[in-house]
Number of protein chains: 2
Amino acid sequence: MLKYREIENILKKRIQNETYPAGSLFPKQNDLAKEFNTSRVTIRKALDHLIQIGLIYPQRGAGTFVRSTANELSHFETDVDQYIGTTKLLGDKHLVESKVINFEIRYPSEKEIAALTIETGDLIYDIKRLRIVDHDPYALEYTIMPVNIIPKIDKTILGGSVYAYIEEVLRQKIGSAYRRISAAKPTEDDKKYLSCKSDDPVLKVNQIVSLESNIPFEFSETHHRFDKESISVYLPGNRR
Amino acid sequence: MLKYREIENILKKRIQNETYPAGSLFPKQNDLAKEFNTSRVTIRKALDHLIQIGLIYPQRGAGTFVRSTANELSHFETDVDQYIGTTKLLGDKHLVESKVINFEIRYPSEKEIAALTIETGDLIYDIKRLRIVDHDPYALEYTIMPVNIIPKIDKTILGGSVYAYIEEVLRQKIGSAYRRISAAKPTEDDKKYLSCKSDDPVLKVNQIVSLESNIPFEFSETHHRFDKESISVYLPGNRR
DNA sequence: CAGTGGTCTAGACCACATC
DNA sequence: ATGTGGTCTAGACCACTGT
């Protein structure tokens, strides 16, 4: 375990524990350096991410403070896989199921070749899944993945978490993601599977997800019921 | 000007210039340190933000590379004020106008007191504006701001850019923002001002924006026509 | 003024990828 | 084996805030 990541996690727990209550003064960087027996540079690196996700904010000259909204924000993790994997995001407190509506292997279109930076002859999976949370339809996913990058996908894996398969079986780490969020009218599929009425909007998320090695592996579109999902984004101003 | 910020800007320009073409090997950290006559730590700090916005990606052992999508991404700046200010975001290439539909000063509700962390007796502006881009309705904004933090707002300012007023006249810098994005059915106002039909969804953005000094100054809800706006988010995986 | 966070240095060692 | 990026150190000085 990296030292700065370890310290970051300990400090995060202390904020959640209210060892450092919301709104209070956070320990000085020099004190933390002493406590963890490290240099101030390492402490600063540990604080970087806590600042970025808005749990604490530094005020030059004055000190560092715990944000008053720290407890509301602390659930909202910034690790990419938590944004991305439905199972991981909801699996603790809810029953997450997947119903595979369609699953085939085919050659990619021009658009798909460009999005996944693959070759014309490379096969892809074409998957349509309904995600079900606590027995209610939650989201409809259309996903394309290259066969040679994510081998041996089958209906059993699709019934659970593809992300868990990638991380635990293939031993690959999820890297970055690029998302585009919009609102749309419901499609026939949305009406059928998400029980949308004709005037119920859907929240549409198009994304390209890459492995840590920067190889794109997922090109997908997800439709969420408008009354079941919203997306939070924190835009930090103080980049350091 | 800060050294690392200066280097960051120079490197960014070189990527846009294609001095470092998309997909190519980016200079080594040690070479950059020599070129800019600084330490590697400072170079790393300059690279941090370029990595975060996805222009380059480091591969340990191999080197750092310019992302193949660098040119598509370079327009999409990550400074918070560019995410937030419609005028700044679109003003270069488009005609941005504002029609003030409602403007009053009143006492805040419980919810507004909590969101802006103000006192019961503090007055707020209550603003409803239609943003018009190239003569077409673009978005409907409901904004609350504390009078004592953003003084002397009037209809002239509201006809233009509030963010420009804050930065140029009040000499305050925009800090962080917290946004929640969702889809919704159109309201009566949406139908009236955005010309939405009954089954046209809207993209709804609720946000709290703070100054650099961490004082919240805007609590707003914006309705976008579903066919005119989508929101992009880049989720970097490699946080360092 | 003292104390805080912000920037910067000039090294060192490690993990990893390529050869 | 070499060279890359990733982590870490033990200092230093500056900018800013509070009193």
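Throughout, protein chains are lettered first and strands after them, A, B, ... in sequence-line order, and every chain is numbered starting at 1.
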Check every atom of [options] against the side chain of [X] and return the nucleotide holding the closest atom.
X     : options              : value
A:K3  : D:dT9, C:dC8, C:dA17 : D:dT9
A:T64 : D:dC8, D:dT4, C:dG5  : C:dG5
A:P58 : C:dG6, C:dT7, D:dT7  : C:dG6
B:R60 : C:dC16, D:dC8, C:dG5 : C:dC16
A:L2  : C:dG5, D:dT7, C:dT7  : D:dT7

For B:P27 and A:A62, find the nucleotide of DNA chain D closest to each by heavy atoms; which residue's nucleotide sits nearer the 5' end? B:P27

Tell me which of A:V41 and B:F26 sits closer to the 5' end of DNA chain D, going by the nucleotide each one is nearest to. B:F26

What is the separation between atom [atom1] on [X] and atom [atom2] on [N], rounded to the nearest whole Å?
X     : N      : atom1 : atom2 : result
B:Y57 : D:dG6  : OH    : C1'   : 18 Å
B:F65 : D:dG5  : CZ    : P     : 9 Å
B:R5  : C:dT7  : CZ    : P     : 7 Å
A:N30 : C:dT4  : CG    : C1'   : 9 Å
B:D48 : D:dG6  : CG    : C1'   : 11 Å
B:L25 : D:dT4  : CG    : P     : 9 Å
A:L47 : C:dT4  : CG    : P     : 14 Å
B:Q59 : C:dC16 : CD    : P     : 14 Å

Can you label the angle between the B:F103 ring and the B:Y125 ring as parallel, tilted or perpendicular, going by 30° and 60°?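 The arrangement is parallel - the two ring planes meet at less than 30°.
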
Look at the side-chain N and O atoms of [X] and state whether any lies under 4.0 Å from the OP1 or OP2 oxygen of [N].
X     : N     : result
B:Q29 : D:dG6 : yes
B:T42 : C:dT9 : yes
A:R44 : C:dG6 : yes
A:Y4  : D:dT7 : yes
A:K45 : D:dT7 : yes

Residue B:E110 excluded, over 12 heavy atoms near CD under 6.0 Å: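 Counting neighbours around CD of B:E110, 12 or fewer heavy atoms of other residues, nucleotides or ligands fall under 6.0 Å, so no.
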
Looking at C:dG6, does its base get a donor-acceptor pair with the side chain of A:R40 below 3.5 Å?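 Yes, a donor-acceptor pair under 3.5 Å.
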
Is any side-chain N of the basic residue among [X] and [Y] closer than 4.0 Å to the acidic one's carboxylate O?
X      : Y      : answer
B:E141 : B:K204 : no
A:E112 : A:R106 : yes
B:E218 : B:R179 : no

Does A:R129 reach the main-chain N or O of A:Y142 with its side chain, forming a donor-acceptor pair under 3.5 Å? no

